[in-house]
Structures are given as C-alpha cells and as structure tokens.
Amino acid sequence: MAAVATAVLVLVMLSVVRSSRFGVWSMGFWYLVILALFHLGLAIPLGFGYSGAGVNSAYVTSWFGRHSFRVEATYLATLATAAVGAGYTALASSRRVETSSKPTRFGSEGPIGAALTVGGTALTVVYLALTNTAALTGISRMKFVETASSVGVETIGALSVALGALLLATAQASRTRTLGMIAVVVFGSWALSTGARSLIMYTAVAMLLVAIRLRPLPKRRVALGVGAFGLVCVSLVGFYRVDGLARAQIGADALNPLAAITEMGGSIRPLIENLNYNHRLDEEPLWGITYVATIIRTGERLAGLPRAGALQDPRVPGSEIVQRVDTYQIGYSAVAEAYRNWRTPGVVLVFGLFGFILRRIDSSDRQDTARLLASGVIFLALIQHVRQPSNQELPILLTGLLLALGLSIIGPVSRRRRNEENAGLPSTERAVFISGPSTRAAGPVTTDNYLSPSDLPTLGS
C-alpha cells in the first residue's frame, strides 16, 4: 500500500502544480503537502521498512502495528489526496503567472495588521507575566497545556497575530509594517519555545503564500528550501517540547527532516481509531452533524436547553476518541471526521470540495487586499483542519472573513478620501503644491509653482 500511496501522491501533486497558475507556490499544492505529511508521513516510511529517527517503536506499535485497519486508513488518506487533486484540477486554468499584477491596496492594511499583531503579542506576554511566568521561560508543552487559562490566552493571541500577519503580508513597506512584523517574530519565538509548532507553521505558510501573490514568483528550488527548513524546525522543536527548552537533550536526530515527517504522520491515528470502533461497534454515520455541532450547541445554550459537555457530546468532532483512547494527546483528523460522517463517499466529497475551493482561490485574478485576506483566512482554516476538528476553525473563519468584509467596505472609502485630500489644496485649479527647494527661477508665486493632478503619476520617475 505504501508504494501505491506514494505513486498517487506524486501524480496528484504534479497535476496540481502543472495546472496551477502559481505552480509550486499555489495554495492547492501546499495543502496537499500538509495533508500528506500528517496522514501519510508515518504510513509510507513504515511501509517501506523504515524504523529510524522519529519512530517511537513502543508507541507506534501500540496503535499502528496492532490495528488491522492501518491499511484501510492509508487507503482513505490516499483517497483524500486524490479527491483534492480531482477537485482542484477539474476546471483549473493552466495559465502561468510570471510576475505579480499591481495590487489594489487601501492604505490601512499596515496599521490594522500592526495593531492586531502587537495587541495579540502584548496580551499574551503581559497576561503570562502576571499569571504564569514559567510559560515565558520555555516550559514543556504538556505543562503549558495543563494551565487552561494560559491556553485560552494563547488562542486569542494566536488568532489576533495570525489575522494581523495575513494583513501585513499585503501591506506596503513602512515603519508600521516593520513594527507589526517584529511582533509576529516575538510571538512566534515564544510559541516555539513552548513547543507550539503547528501554531506557527500554519500561519507562516499562509502568510508566505499571500505575500507571494503580490510579487514575482520565486524559483521552485526556493519552495524546496522552505519545506526542508520547516521540517528541520519541526524536528528540532520536537526534541524539547516534552521536557522543555531548558532540559532538552538535542542530538543529531534533532535536525533530521525524516524524523519530523514520521512524527507528523502520527496524526493518522484518529482515523485508525475511528475505523476500529466504527467497524467493531457497527456505528451509524453521523451524517454531517459534527460540522454544525457548534452552531447547534450555541443555539441550545441560548435557549436554555440541557446539553452534555463538549467532551461527552458525540456531535462534537473528536470527543469520541478522547473518551475511548487512554492518554490520547493527538488533535484530530480531517479525514477521520469526513469518514465518521459519511464513510468513504464522505471522504471523496469533502476533500473534493476542499480542492475546488483552493482552485477558486488560486485562479482568482482580483488582487485587492480584502480578497487576499479572505483567501489567506480560508487557506489557514483548511490547513489547520487537517489535524484539528472542524469546530475549532470557526473563530478564524468568522473573524477573518468579517475583517475582510469590513476592509472591502471601509478600505475604498478611506482610499478615495485620502486621494481627495492629497489633491485638494485650496485653489481654483484644485492643484497640488510641491514643497521643497524649487528649481524654478525666484519670483512671485504663480500657478507655475503648482502641478495639476494629471502630473502626479510622473513624479519621482
């Protein structure tokens, strides 16, 4: 099965790259990379007999080697990648993008983005400094997660920083944008010190792909370098996230990309556990209830109706696994959720839809920053959902799309007003005075000292 999975994955990736306007820099390609890493990163190497760095034999054997459903899980994960490719390439344009088109910027991207990143970083740092100082000194991920209030603040801070980072990716160079980027680096450095790898990886990839849409496309080898660097970082953080940065014993395997791939591939476990219990207990499909569970539970709460806790409610994606599997510490799986709702047809339909959405994003010709922000938000939610329940993506989707909508309404108004102000010194000509040393002969001020708005595009050329 490993050989089949590898062949299908390579063919799907090649078809997406060839049909995409952005080649290896398309969101469709990078979604496939992340989906494959988290669902086939362990199954494929083990299928070829690999047992080196990143493979904890005792742990892996306890669920991957023991269950007879590992082959079926690998098949479903492979089917999901094929469905993404089919949804993406069905109507995709083969037109390449050599250089970026001139974006429509509103001028408020930098200030808003900086406010979000600085605010999110400040909130996190100040709160932890007052309530959980150890969390600022590189404690283990497990100890950090045990402090529920700190996790909540981290979530709010990460949401604010992620949205701000996406906006900064669309902004013009300025001191404000630089300040915002410094805040992103500070928050990212702290998060990595606690072992929060995915939190930073997702945001960094989304920010990079949004920024690239406004610039000439880098060479393909740059994408390979970015991927290799990311894997090394994932592997390195994995060596200290259990014991904490201060106690970490980092060896040569810490920089092994294959160690990162096999560790990330352990996210196939929720799918294997789902198959095990669904078949053994002959459970009925959930028919899509997990995708709307948060909305239903919110309605129940507002109506004062009784409801079970989130971890006891089978409508909440992933709650069954937490109840059934001892010491379960993996997030969840987008493939497992689709299968739990509609079995194999659900995997095909859900991931085909994801591929279609990504194709629509990559094929859009509009380059205004509001649309780019919305594209980045949707992509970020999709890649986070790869190993998280769908209900956890609602905050980033709702707040991000509302922010993009607000930017699309307010941005053009503020841009038009700013243009009018720049062109509106009191004058019968509505002329613009160019201050500074004049190259004209000294004499009385006349209309010759002014330039009409039609002359502005030539300034500085």
First locate atom CG of Leu159, then atom OG1 of Thr399, and finally report the distance between them rounded to the nearest 0.5 Å. 4.0 Å
Would you kindly say whether Glu109 and Thr369 are connected by a side-chain donor-acceptor distance under 3.5 Å? yes
Residues in ring-ring contact (aromatic ring centres under 6.0 Å, His included) with Tyr75, at least two apart? none
Output for pair (Met264 CE, Leu40 CG), nearest 0.5 Å, gives 12.0 Å
Find the distance between CG (Leu236) and CG (Leu231) and round it off to the nearest 0.5 Å. 12.5 Å
Is there a donor in the side chain of Asn274 and an acceptor in the side chain of Tyr332, or the other way round, less than 3.5 Å apart? yes
Under the criterion side-chain contact (heavy atoms from CB on, under 4.5 Å), I'd like the reasoning laid out for Thr294 against Thr298: C-alpha separation, chi angles, the key distance, then a yes or no. CA-CA 6 Å; Thr294 299; Thr298 301; 4.2 Å; yes
Would you tabulate the side-chain donor-acceptor contacts of residues 1-11 under 3.5 Å, counting partners in other chains and residues two or more places apart, or write 'none'?
| unit_1 | atom_1 | unit_2 | atom_2 | d |
| --- | --- | --- | --- | --- |
| Thr6 | OG1 | Ala2 | O | 2.8 |

CG-CZ distance between Leu358 and Phe29, expressed to the nearest 0.5 angstrom: 13.0 Å
Nearest 0.5 angstrom please: Met27 CE to Arg213 CZ, how far? 4.0 Å
What's the verdict on side chain to side chain donor-acceptor pair (under 3.5 Å) for Gln384 and Gln392, showing C-alpha distance, side-chain angles and the deciding distance? CA-CA 9 Å; Gln384 288 182 159; Gln392 292 188 15; over 6 Å; no
One should read off an interatomic distance between Ser198 OG and Ile383 CD1, to the nearest 0.5 angstrom, of 9.5 Å
Take the angle between the ring planes of Tyr291 and His385 and call it parallel below 30°, perpendicular above 60°, tilted in between. perpendicular
Taking the side chain as every heavy atom from C-beta outward, state whether Asn341 and Glu337 have any pair of such atoms under 4.5 Å apart. yes
